[in-house]
Each structure stands twice: as C-alpha cells, then as structure tokens.
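Working notes for the structure below.
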Amino acid sequence: MEELADDLDNEEESQAPKKKKKENEIPNVATQGKRKRKSKWWAHFSDTEDSAFASCKYCKKLIGCETKNGTTPLANHIKRCKKYPPNLDTKQKLIDFKGETLVSEDGTVETVCVPKLWEFDQDLCRKKLARMLIVDELPFVFVEREGFHEFCKALNPLFKLPSRVTATRDCYTLFIEQRNKLKISFKNLHSRVCLTTDTWTSGQNLSYMCLTAHFIDDDWNLHKRIINFCPIVGHSGQLIGRAVEKCLNEWGLKNIMTVTVDNASSNDLAIDYLRRRLNIWESSLLEGQYLHMRCASHILNLIVREGLKELDLSIMKVRALVRYVRSSPARLQKFKTCIEEEKEDSKRLVTLDVETRWNSTYLMLESAIKFKKAFASLYMKDSSCFKELRKLGGGLKEEDWKRVGSFLPFLSVFYDATLRLSGSLYVTCNSYAHEIYGTRLMISNNLGDEDEGVRKMAAQMMLKYDKYYGNVDNINVLVFVAVILDPRHKLNYVDWIVRDSYDEVKATLLCLKIKVVLQSLFDSYAASMPKSKTSSSTSISSPTFTQSRTESGGKIDLQQLMTSKYERDTGCSLTSVNKSELEKYLEDACEPNVPNFQILPWWKDQARRYPILHNVAKDVLAIPISTVASESAFSTGGRVLDSFRTSLTPKMVEALVCTQDWLRTSRSPLIIEENLLALEELEKG
C-alpha cells in the first residue's frame, strides 16, 4: 500500500508542471477572486477599485462589466477602440514590386525590382467607380448588376460595392469637387474667357442651354470646359441672356472676350443684353463692340444647303438606290452579294443622307460612287429596284456617275473647311480668313464650270454667301486681327485678302476698320500693363501746340510748332523716335509658312520681345469661330437622357455632362455603336 501511495505522489508531481504549462498557454483568461474569467475579452482590460467597471488597457476608458450585462460591452468597445493596434490600420497591404534604375561604378545601367507595399483603399475605389460611371456614360443601376458584382469579387473581395443611390451621391460629390477646382483655376486665370452657347430640346421635352468656356492658360495651352448645362423656359434672347448672366455670376467670370452663337435672331438680342451687362460690370473690351461672333460652320452649312435645294436628278437617283438598299436586311444582303461578285473591296457600306444635313449628302455620294458596279448589278437582277428607279427615269448610267463625280470635289471643299473650323482643341480663328474667303474663291471659279448642275449650284451658293459676308458691317474684325497675329501672314496678307474679295469702297472701309481695331486693342492692353513693361514699347509723339507752350514757360516756340505741324501733315519725322511694339511686329519678317506651324508655342516664346502683343494674342487666339463645342454636348446629353434614364433630374444631367467633359483625358468621341463590319469579320474568324 505504501508503494502504491508513493507512485501516486510521483505521478501528481510529474503532471503538476504540465498543468501549469497549459495554463500559461492561455493568456486571455483572468481571475477575480476565486472565480475564473473564461471570456477572451478580459485580456484587454484591467480591474478597477469599482468591480462594476473595467479599464481598457489601450485608451484607459472605463467600461461597465456587471455580471448581468456579460462581456458584450467589452467586446463592442474593443471593436471600435481607436487605440487598439488592429484598429489603427484596417487597410490590407500586399507586396508589390516597382522597377528602379541603378547605375553601377563602372557606368552600367541596370533595372531592378524593388518591393513596395500596396494598400487597399475603399474610398479611392468608390471614387474611381464614380468616375467610370460618368466618363463611360453607364447607368447607376450598373453597380447592382450580378455580373459586375462577380467581377469585383474576383478582383478584390474586400471592396464593398455601393448601391445605386450611393453611387449617384458619389457622382454628384465628384461633380462638386471638380467644379470647385475649376473655379479656383478661373480665379487665378490672367487671360480673358471666350464663350460658345447653344440650346437643345431633350427627349423629356425640356429645353437645355449649354455654355462652354474657351481660354488659354499661362502655359499657353488651349482649354475647353463646359461650365453650364441647364434647363431654360424658352428660346427668346432675353431669357438666354439672363441665363448666361446667371452662370457667369455663379462662376465669377467677368472678363469675357467674345460669345460665339449661331445665326438665330434671338441670339442677337441675347448678345445685346450681355453687352449691356458687361459694360455695367466695366469688364468689356472696347465697350463690347466685338462681343458677337457668328458661327462660321453654321454659315457654311446654310450656304451649301442653299446650293443643294434643287437637287440634280443624278443625286436623287443615288439617294433612291441607297434608300432601297438600306430599307431591309434582305435587300442589304443582296447588295453585299453583288459587291462580292463585282469584287469591289471597301470596308464601308453606303450610308443614307439626312436631307437637312448637307454633309451627310456628301458622305452618301462619296460612299456610293465606290459601288457603282454593284449598284448596276443589283438594278439588273432585282425587279423591285428596277421599279423604284423607273419613277426617276431609269437606273444610273455612266453619265450620271460622272455628274456625281463632278459634284464631289466641289462639296469636299466645304466639308473639309467645316471640319477644320469646327475644332475646339486647337486654334481656329487664325484660319478663318483662309477658309471663308477660300470657299468664296472656289464658288466663283465654279460659276463658269462646264456642267450646268455645278454652275447652278455655285450661283445659288454665291447669293447666300453675299448675304452674310457681302456686308462688311456684319463681320467681326477680330477674326482678321487673329490672322494678323499669325506671324506667317500679318497685316499685308489680310489687306490683300480684303481687296481681292470686295470692291474698292468696301475694301477701303474694311481695311481702315481692321487697322483701327488693331491699334485700339494694342492701346487698351498697353494701358492695363505696368509702365515699366510698356515704356520701351510705346512711341514718342510729336508735341502739340499746348505742350510746346507749356514747356517753354508760357511762350510760343515757333520752330517747334512748325516742326510739329510738318510731322503731322507729312507723316515724316525730323527727330529719332522709338517705334511701337506693334510697328516692330508688323515690320519684322514673317515666319516660314510650314503646314504644322505651332502658333501657341511661338507666342509663348515672344513674351519678352512683344510683351503687350503677347497678352493680346493670348486672348484673341482663344476665340472659337463655331458653336460645335456646345453642340457636341447635346450628343452627350442625348445619350445620358436615353429612353431608360428620362427620370434624371436636370441637376443630375448637368452634373453628368459637365463632369464627363472635365474628367475625360481622351478627346476623341465616344464610340457607342459597334462596328458591324468588324463584328462580321470576328464571326468569320
């Protein structure tokens, strides 16, 4: 029995340290008195004098721990304790690698991968999601679609997708953020702002007005920003003027150079209203006389439409053929079969024109003439096509295609000119005179064309041209100032254009007006600059009668008086005078007329040589000569307000349209529709 008792004692002694070691492996068990605390949350708290409270080991806050409440208060506190280490940084960090270039002692260059930490940021992901919805014109419900949820889970399961309501709120927050940034940019801008505006009626039957700002910054980069896309109650000039005024007040814009609008009569009233407001604000240039800029693209459109009013029979036959081919899938397939049989290789099919858009007529003729053999084959094989063209006197013959070919070079001149004048990301006002008066020369040359249809078209176009450009009082001479500020041409070139395009009386009046406005602009900018910068650029004028009398102490210096009168009468100077900066610029040799001449970098480098003209050019070269920048916003508005999103409020529409314009890095138009020919090639592959 004694041996059995000794064995039991030895067994207890051997197990005692093991039990103690097991207890040491559980650090989250605390004791109070004789009762064990089994909850893991007690490991984060210390006892206090009051047994009803425990002190957090991290923030020292007292938390209730009565028995009836359990450890739930302790657990809740630890989850939100700001000093608890796991709560200090909840972002997941992953190891990533970045390339760094190292240069060794012997001069060899080596690129090595260096580890770096990447952190997941929920807020940044939500901001990028809002940007994607705006830039790619996606509906807000896109964030709740099953496929997108699965895709985001595969990318990063930590990202919590917002609801469509939250996504809408994020998009509007991004709009406010970007608008505030743009307001700061306008506040720090040292140049004037040019505007373009136009109106549009949406599918909701609401009228919207778009206002776009154009300006050149201190780095001589041309910018285009949509600053307003708001509903208006009507299209009257007074309403448009007040809407523009309200927008300018909201943005804090006062220094307006020009406002470019189309030729609607209501816009004349709107410009008059804005001119009065700018004069009251004392921010207008030359009293706002040259505030109104007419859209050159719109005028060219009216001129060509006038020439196409009485369409040639050959053009009507082409339109009938294209309409027949595009009227059903079966007919289009027959036409494709004819193309393959005739082996006419072209990546584009024929397009039907819109009668109110002349450029679509040009594109229709350009595409149709490539398939004349296929059209002839279709006409012979398809009886329905034969009946369709019999109404117009039969099918297209070779002489019909020749007439279509004679129209194309004529129309292509206007098409290319319209494209060049419609740009908003490059300077266009310096090419205004070349395009407008170049098209006049083209019309004049075609008045004696051998083809009767071309002669009639040219005659009708010339009548419309003279309506807008025949009266020199309707021309904003700032477009000629822009050509003068092009160092490749200057004043002599403008003088030649005017005298070549008008009779002697009109040419003399317009040339004089151009010179007066140019000098007035120069004097206005010189007066607003510090004297230290303009002292060497202004000319020394001859003394007047009053000056000669004052300088001689009240006595009249007859020699000085006669010298002054001689200089005024003859224009010759008996004394050496400094030439003005403007005179120096006009007398300097012109720059080479290279095709890709960069006018903005050239003027950026001339700040010290021509300090006054440097500022004049910054404002004048920003003038847009078409309203396409505002009209293109209506295409975006039409896609935003499609048939599935007509419930969007005008406030949200403005946020989406404006923010997309501010955020998009690529200025190429969005491709919404798939290329059918490309899809067919993919299917064949």
Determine, for Lys618 against Asp218, whether the closest basic-nitrogen to carboxylate-oxygen distance falls under 4.0 angstrom.
yes

Side-chain (Thr48) to main-chain (Phe53) donor-acceptor, under 3.5 angstrom:
yes

Ion pair check, Lys224 and Asp661, cut-off under 4.0 Å:
yes

Could you list all the salt bridge (charged side-chain N to carboxylate O under 4.0 Å, His left out) pairs where at least one residue sits in residues 53-65, not counting sequence neighbours?
none

4.5 Å side-chain heavy-atom contact, Val141 and Phe148:
no

Student check: side-chain heavy atoms of Lys246 and Val244 closer than 4.5 Å
no

Between Asn221 (side chain only) and Asp217 (backbone N and O only), is there a donor and an acceptor less than 3.5 Å apart?
no

Measure up the Tyr84 and His44 rings against each other and bin them: parallel (under 30°), tilted (30 to 60°), perpendicular (over 60°).
perpendicular

Ring-ring centroid check Trp662 His223, cutoff 6.0 Å
no

Using the ring of Trp220 (Phe, Tyr or Trp, six-membered ring only), decide whether Lys604 places NZ or CZ under 6.0 Å from its centre and within 45 degrees of its axis.
no

Under a 3.5 Å threshold, yes or no: a donor from one side chain and an acceptor from the other, between Glu654 and Tyr208?
no

What orientation do Phe45 and Trp42 show, parallel under 30°, tilted 30 to 60°, or perpendicular over 60°?
perpendicular

Does Asp619 use its side chain to pair, donor to acceptor, with the backbone of Arg192 at less than 3.5 Å?
yes

The single option from Leu253, Val259, Ile227 that satisfies side-chain contact (heavy atoms from CB on, under 4.5 Å) with Leu211 is Ile227

When you measure from the side chain of Thr260 to the backbone of Pro624, do you find a donor-acceptor pair of N or O atoms at a distance under 3.5 Å?
yes

Does NZ in Lys183 sit with more than 12 non-hydrogen atoms of other residues, nucleotides or ligands closer than 6.0 Å?
yes

If you measure from the Lys or Arg side-chain nitrogens to the Asp or Glu carboxylate oxygens, is any gap between Arg179 and Glu250 under 4.0 Å?
no

Give the table of side-chain donor-acceptor pairs shorter than 3.5 Å for residues 233-241, with sequence neighbours excluded, one pair per line with atom names and distance.
| unit_1 | atom_1 | unit_2 | atom_2 | d |
| --- | --- | --- | --- | --- |
| His235 | ND1 | Thr199 | OG1 | 3.1 |
| His235 | NE2 | Ser207 | OG | 3.2 |
| Ser236 | OG | Leu239 | N | 3.4 |

Which class fits the ring pair Phe186 and Trp251: parallel under 30°, tilted 30 to 60°, perpendicular over 60°?
perpendicular

Side-chain H-bond candidate by donor/acceptor type, Thr196 with Thr627, under 3.5 Å
no

Is there any salt bridge (charged side-chain N to carboxylate O under 4.0 Å, His left out) pair reaching into residues 156-174, and which pairs are they, with sequence neighbours excluded?
Arg126-Asp170, Glu144-Arg164

